[in-house]
Amino acid sequence: MFTYPGGFDPSAFPEPFSSTYRSHLKHLKLKGLQPKTIDAYARTIRRMGDYFDHQIDNLSPAQLTDYFHDLVASHSWSAVKLDLYGFKFYTLHVLRKPWAMPNFIKPPKVSRLPDIVTVEEAQALFSATRTLSYRVFYFILYSLGLRLSEGLALTVADIDAVRHRVHIRDSKGNRDRFVPLPEATLLVLRRFWQTHQNPVLLFPNRHDGLSGARNARTPLDRGGVQKTLHQVAIDCGLKKKITPHSLRHYLPNRTMSPNLVTRAVMIGNQMRAGQISVPMPDIVRYLQAVEKGQ
C-alpha cells in the first residue's frame, strides 16, 4: 500500500492543485531524493497551497515576498530554506519554468558548536531512560556516532561481528559507510536482540508490545525517540539542548590516539578468546536485570 508524504492524499485537495501536487510527488520520487527531502518538499507545496488558497502556479514576486516574510516570523531559517528549495523544485520540474529568484532569500550566516554530551551525562541519560528499547537505542547512537535515521534503519544484516564493524546504508548524501563496532556495543546488541528476536530489524516498533516486536516491519517511532530523550534530559536536570543528534557528537574512537585504538582492539580480541575478563558497562547490566525480570 502506497503511503503519501505526511499522509495527505492528493485527491483530498481541489483541482487543479490536486493534479499538480500529484505530479510534484512523482517528480520527487523519480529524482531519487531521500525520503526526508521528499517529505519536506511535499510539505512545502501543501503549506503554500494553504496560504494561497491552492493557487500557486502563477505567484507574483510580491506574493512570494509576503509568504516568506510571514514564514520567517513563524518558522526557523532551516524551514524557510527548505520551503524555498521545495518551491524551486516545483517551479523547475512541475511548472517547467525557469527559476528567476536565485537571491530571493539570504539567511544569516550562523556557525554554532554542538552541545557535547559528556560520559557522565550520557550515563545519567541511560540510567534515567525507563523504556529498554529507547535506552539501548540511545546507547547505540552514542557509542557508534550515528544519526537518528541511521540508528532506526539498522538491521541484523548490518552487524558484522567478525570484522567488528557496522554497515551504515543509504546515509546522508545517499552514501554507505562502515563504522567500528566496539565489543561492549556488540554485547549490548546481542542481549537486546534476544528480547525481541526480530529477524530483520534491530529496533522494531513496540506498537503491539514486546510480543509483537518479533514480527514488526517498521522501526521505533522517530517522534517517540525524540520526545522521550527530551523528557529524560529534563528529568536529569541537564541544561543543554539534548537531542538524539547530540549523542553522535561524542564517539570514543574519535578521541583515541592510534595506540589506544590498537590497544582497544587487542583487548576485544582477548575478550572473545576468553583470555581476559573486562567489567561490562552499566548498560549491559541493565539488560541482564531486564532479562531476570528486575
Side-chain angles (χ1 to χ4, degrees), residues 34-36 113-161 164-173 175-193 195-196 198 200-206 213 216 218-236 238 240-256 264 280-287 290:
Q34 289 280 58
K36 286 178 62 177
L113 294 175
D115 284 324
I116 303 299
V117 179
T118 66
V119 174
E120 292 75 17
E121 289 170 340
Q123 186 62 61
L125 291 170
F126 302 151
S127 300
T129 303
R130 297 180 180 275
T131 303
L132 179 65
S133 296
Y134 291 157
R135 180 188 297 167
V136 176
F137 184 74
Y138 299 148
F139 176 74
I140 298 307
L141 295 186
Y142 183 76
S143 65
L144 298 182
L146 302 184
R147 298 178 178 88
L148 173 57
S149 59
E150 294 170 349
L152 293 175
L154 284 178
T155 67
V156 175
D158 295 331
I159 307 302
D160 188 340
H164 271 69
R165 65 185 187 182
V166 180
H167 191 166
I168 308 302
R169 303 176 190 275
D170 200 21
S171 186
K172 189 173 183 179
R175 296 178 179 179
D176 287 10
R177 74 179 191 279
F178 290 107
V179 299
L181 176 60
E183 183 71 22
T185 305
L186 177 58
L187 291 173
V188 170
L189 285 173
R190 281 175 171 167
R191 284 170 168 78
F192 175 66
W193 184 83
T195 67
H196 62 75
N198 188 291
V200 178
L201 300 173
L202 278 179
F203 294 99
N205 72 66
R206 298 300 177 89
T218 57
L220 292 172
D221 177 65
R222 184 186 185 93
V225 170
Q226 294 170 318
K227 292 178 182 178
T228 299
L229 183 59
H230 176 71
Q231 186 58 52
V232 169
I234 293 176
D235 295 342
C236 290
L238 300 181
K240 297 177 180 178
K241 183 180 178 181
I242 304 297
T243 67
H245 196 79
S246 305
L247 297 176
R248 78 180 300 259
H249 288 300
Y250 172 81
L251 181 57
N253 285 348
R254 289 178 184 166
T255 59
M256 286 185 181
M280 290 183 293
D282 287 346
I283 188 70
V284 179
R285 297 194 191 99
Y286 300 152
L287 286 171
V290 170

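Just so it is clear, the values below take in all heavy atoms, side chains as well, and ignore hydrogens, waters and symmetry mates. Since the structure is predicted, the reported quantities are computational estimates derived from the model, not experimental observations.
Between Y134 and Y138, the two ring planes are parallel [angle under 30°; tilted spans 30° to 60°].
Other residues, nucleotides and ligands contribute only 12 or fewer heavy atoms inside 6.0 Å of the CZ atom of R190. No more than 12 heavy atoms of other residues, nucleotides or ligands lie within 6.0 Å of NZ in K227, so this atom counts as exposed by the packing criterion.
The minimum heavy-atom distance linking I242 with A233 is given by the pair CB-CB, 3.9 Å. The two atoms that bring A216 and P204 nearest to each other are CB-CB, 3.8 Å, heavy atoms only. Residues P244 and V225 approach most closely at CG-CG1, 4.2 Å, considering heavy atoms. The minimum heavy-atom distance linking L201 with P219 is given by the pair CD1-N, 3.9 Å.
From E120, atom CD reaches atom SG of C236 across 13.0 Å, with rounding to the nearest 0.5 Å. Note that CG of L220 and CZ of R206 are 7.5 Å apart. Values are rounded to the nearest 0.5 Å. For the atom pair NZ (K240) and CD (E121), the distance works out to 3.5 Å, reported to the nearest 0.5 Å. Atom CZ in R169 sits 13.0 Å away from atom CZ in R177 (nearest 0.5 Å). Taking CZ from R130 and CG from D235, the interatomic distance works out to 8.5 Å, rounded to the nearest 0.5 Å. For the atom pair NE2 (H164) and OG1 (T185), the distance works out to 9.5 Å, reported to the nearest 0.5 Å.
Looking only at distances, a side-chain donor or acceptor of T195 sits under 3.5 Å from a matching main-chain atom of F192. In this structure, the side chain of Q34 engages the main chain of S171 through a donor-acceptor pair within 3.5 Å. Put simply, the side chain of H196 gets close to the backbone of L202: a donor and an acceptor are under 3.5 Å apart. One N or O on the side chain of S143 and one on the backbone of F139 form a donor-acceptor pair closer than 3.5 Å. One N or O on the side chain of R135 and one on the backbone of F126 form a donor-acceptor pair closer than 3.5 Å. Without hydrogens or angle criteria, D176 side chain to D170 main chain gives a donor-acceptor distance under 3.5 Å.
Between K241 and S246 there is no side-chain heavy-atom pair separated by less than 4.5 Å. Under the 4.5 Å side-chain criterion, counting only non-hydrogen atoms from C-beta, L247 is in contact with L125. Using a 4.5 Å cut-off on side-chain heavy atoms (C-beta onward), D221 and N205 make no contact. Under the 4.5 Å side-chain criterion, counting only non-hydrogen atoms from C-beta, D160 is not in contact with H167.
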Could you walk me through whether W193 and V136 pass the side chain to side chain contact (heavy atoms under 4.5 Å, CB included) check?
CA-CA 10 Å; W193 184 83; V136 176; over 6 Å; no

Show your reasoning for whether side chain to side chain contact (heavy atoms under 4.5 Å, CB included) applies to F137 and L146.
CA-CA 10 Å; F137 184 74; L146 302 184; over 6 Å; no

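Residue I168 forms a side-chain contact (heavy atoms from CB on, under 4.5 Å) with just one option from L144, D158, L154, and that option is L154.
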